[in-house]
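Heavy atoms only: backbone and side chains are in, while hydrogens, waters and symmetry mates are out.
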Amino acid sequence: MAEQLNEYQGKATMEKITSLAKRRGFVFQSSEIYGGQNGAWDYGPLGIELKNRIAGAWWKEMTQLNDDIVGLDAAILMHPRTWEASGHVENFTDPLVDCKKCKARFRADMIPEENLAAKKCPECGGELTDTRKFNLMFKTHIGPAEDTASIIYLRPETAQGIYVNYKNIIQSNRMKIPFGIAQIGKAFRNEIVTKNFIFRTCEFEQMEMQFFVKPGSDDEWFNEWRKRRWAYYGKLGVKMDHLRWHQHGPDELAHYAKDAYDIEYLFPMGWRELEGVHNRTNYDLNRHTQFSGKDMQYIDQDNNNERYIPYIIETSAGLTRNVLMILCDAYDEEQVADKGNDDDWRTVLRFHPSLAPVTVAVLPLMKKDGLAELAQDIRRELKEDFAADYDQAGAIGRRYRRQDEAGTPFCVTVDYQSKDDGTVTLRFRDSMEQIRVPKAELAARLRQEIKEYKRTK
Ligand code: ATP
């Protein structure tokens with residue numbers, strides 16, 4: 001394991017990430033022309049590609065590479081009894097205080113203890129209200145009547161959609177314990193404090209996998225899933241010295257949890273949770289049995305029809321939080337001093353090629369003399385297999401910088417020699433090294449480079 005860092009040492013700041021994200025079309029503020037909507041963000045052309053690829057990598061890891069995990073896409077709107085059974089109506093609260101003077105609102109567990117004890121606002125020194133419990137679930141109404149019978153919630157986690165379907169999936173897909181169900185989808189929380197860009201938002205996406213196991217084997221599976229989730233981030237090329245485990249203490253454990261570990265990432269603002277691995281016991285399925293009156297027991301046909309309520313090991317990652325992590329992790333600034341100018345810097349996003357929004361950009365050295373047409377032909381061919389961009393605007397050095405800043409791992413440059421001998425220049429983002437490759441071999445070469453990619457910087 002890489003030695004863990006105490007303090008953030010990278011080149012990213014939240015300001016730089018936010019501004020690059022906007023400038024290059026990764027992420028925009030929601031409803032910006034109206035002054036923005038707190039806690040909501042829009043993913044632009046590069047952002048949606050990055051988010052989809054992060055989701056795709058997780059989905060492949062969970063469903064394609066594991067024979068015993070299947071997928072699900074459950075509805076956001078669920079029967080309101082779900083949230084009574086799950087304990088969210090009663091327990092999904094944050095402690096809230098307001099400043100009577102400046103009207104600022106704080107999570108009581110996030111301000112210094114002395115301020116809380118003295119009821120003194122950490123911002124203006126004004127008097128704070130008593131702490132009260134604030135439920136994070138968004139409530140709305142379904143149907144034309146706005147009465148209590150029509151109340152419905154936006155799901156605050158995707159997990160419950162999996163629990164209420166687990167017997168359907170056993171029956172339809174003949175699953176046997178141990179097995180898992182994976183799901184990616186939106187979740188909503190009325191967060192009191194939303195800051196740090198897309199880190200904590202009111203509308204976000206989760207990638208959750210619930211693994212159903214026999215009681216008694218839960219500790220073993222819990223450790224197994226901790227190992228697998230840690231290894232996964234290594235495969236994505238994430239800097240491993242920026243990751244650490246944090247075990248929940250007794251006062252941090254959620255109402256359903258027997259044991260819980262967070263994978264934390266060292267963001268520019270410090271160590272923060274990226275993903276949780278939880279032993280949720282049989283709490284949720286017991287509660288759904290109680291509230292729905294349906295039998296949620298598993299019948300073990302290989303074992304004399306033994307019946308039990310399975311234990312659940314959950315791995316719960318934020319997809320949108322992973323987007324922020326990958327942006328921070330990839331961000332670099334480097335002095336390049338190519339053209340003999342010592343002050344030449346470049347901003348580069350060192351995405352793993354399998355996550356980069358654009359895999360390859362095809363650039364004609366000049367627009368004239370048939371180079372543009374040749375480059376467009378090459379792009380057309382590559383497009384079948386890769387996210388391929390085409391750019392003919394401006395000096396070639398400037399075009400490379402633009403692609404570096406978008407995190408494009410490979411550039412293909414078409415020049416006069418290409419017309420003569422059918423070779424092109426392949427430029428690597430990280431090293432800026434350039435080699436000549438016959439254009440007929442490009443696709444195979446790119447595939448090999450993606451497969452063998454190792455992050456060096
Ligand atoms: P916190 O204590 O920071 O509010 P949590 O412990 O309640 O978070 P979980 O309920 O375990 O978080 O959610 C699982 C994952 O979902 C988190 O690790 C995080 O990546 C993501 N997540 C949770 N809340 C948000 C949010 N408001 N915005 C973005 N991602 C979130």
Verify, without hydrogens or angle tests, whether N135 (side chain) and V89 (backbone) share a donor-acceptor contact under 3.5 angstrom. yes
Quick one: salt bridge (Lys or Arg N to Asp or Glu O under 4.0 Å) pairs with a partner in residues 66-82, sequence neighbours left out? R81-E84
Rounded to the nearest 0.5 Å, how far apart are NE2 of H278 and CD1 of I313? 11.0 Å
Are the side chain of N115 and the backbone of I111 linked by a donor-acceptor contact shorter than 3.5 Å? no
Taking the basic N atoms (NZ, or NE/NH1/NH2) and the acidic carboxylate oxygens, is any pair closer than 4.0 Å for R350 and E334? yes
Which residue pairs satisfy the ring pair (Phe, Tyr, Trp, His ring centres under 6.0 Å) criterion with at least one member in residues 284-319, sequence neighbours excluded? Y298-Y308
Examine Y261 together with H248 and report whether their ring centres are nearer than 6.0 Å. no
Determine whether the aromatic ring centres of residues F211 and W221 are separated by less than 6.0 angstrom. yes
Look at the rings of Y256 and Y283 and say which category their plane angle falls in: under 30° parallel, 30 to 60° tilted, over 60° perpendicular. tilted
Students often mix this up, so state it plainly: with edges at 30° and 60°, are the rings of F199 and F267 parallel, tilted or perpendicular? perpendicular
Residue pairs passing the side-chain hydrogen bond (donor to acceptor under 3.5 Å, both in side chains) test with at least one member in residues 173-188, sequence neighbours excluded, are K176-D302, K186-E203
Do K258 and D218 meet the salt-bridge criterion of a basic N to acidic O distance under 4.0 Å? yes
Are the side chain of D98 and the backbone N or O of T129 linked by a donor-acceptor pair below 3.5 Å? no
Over 12 foreign heavy atoms within 6.0 Å of NZ, K239: yes
If you take the centroid of each ring, where Trp contributes its six-membered ring, are Y153 and H88 closer together than 6.0 Å? no
Is there a donor-acceptor contact under 3.5 Å from the side chain of N304 to the main chain of E306? no
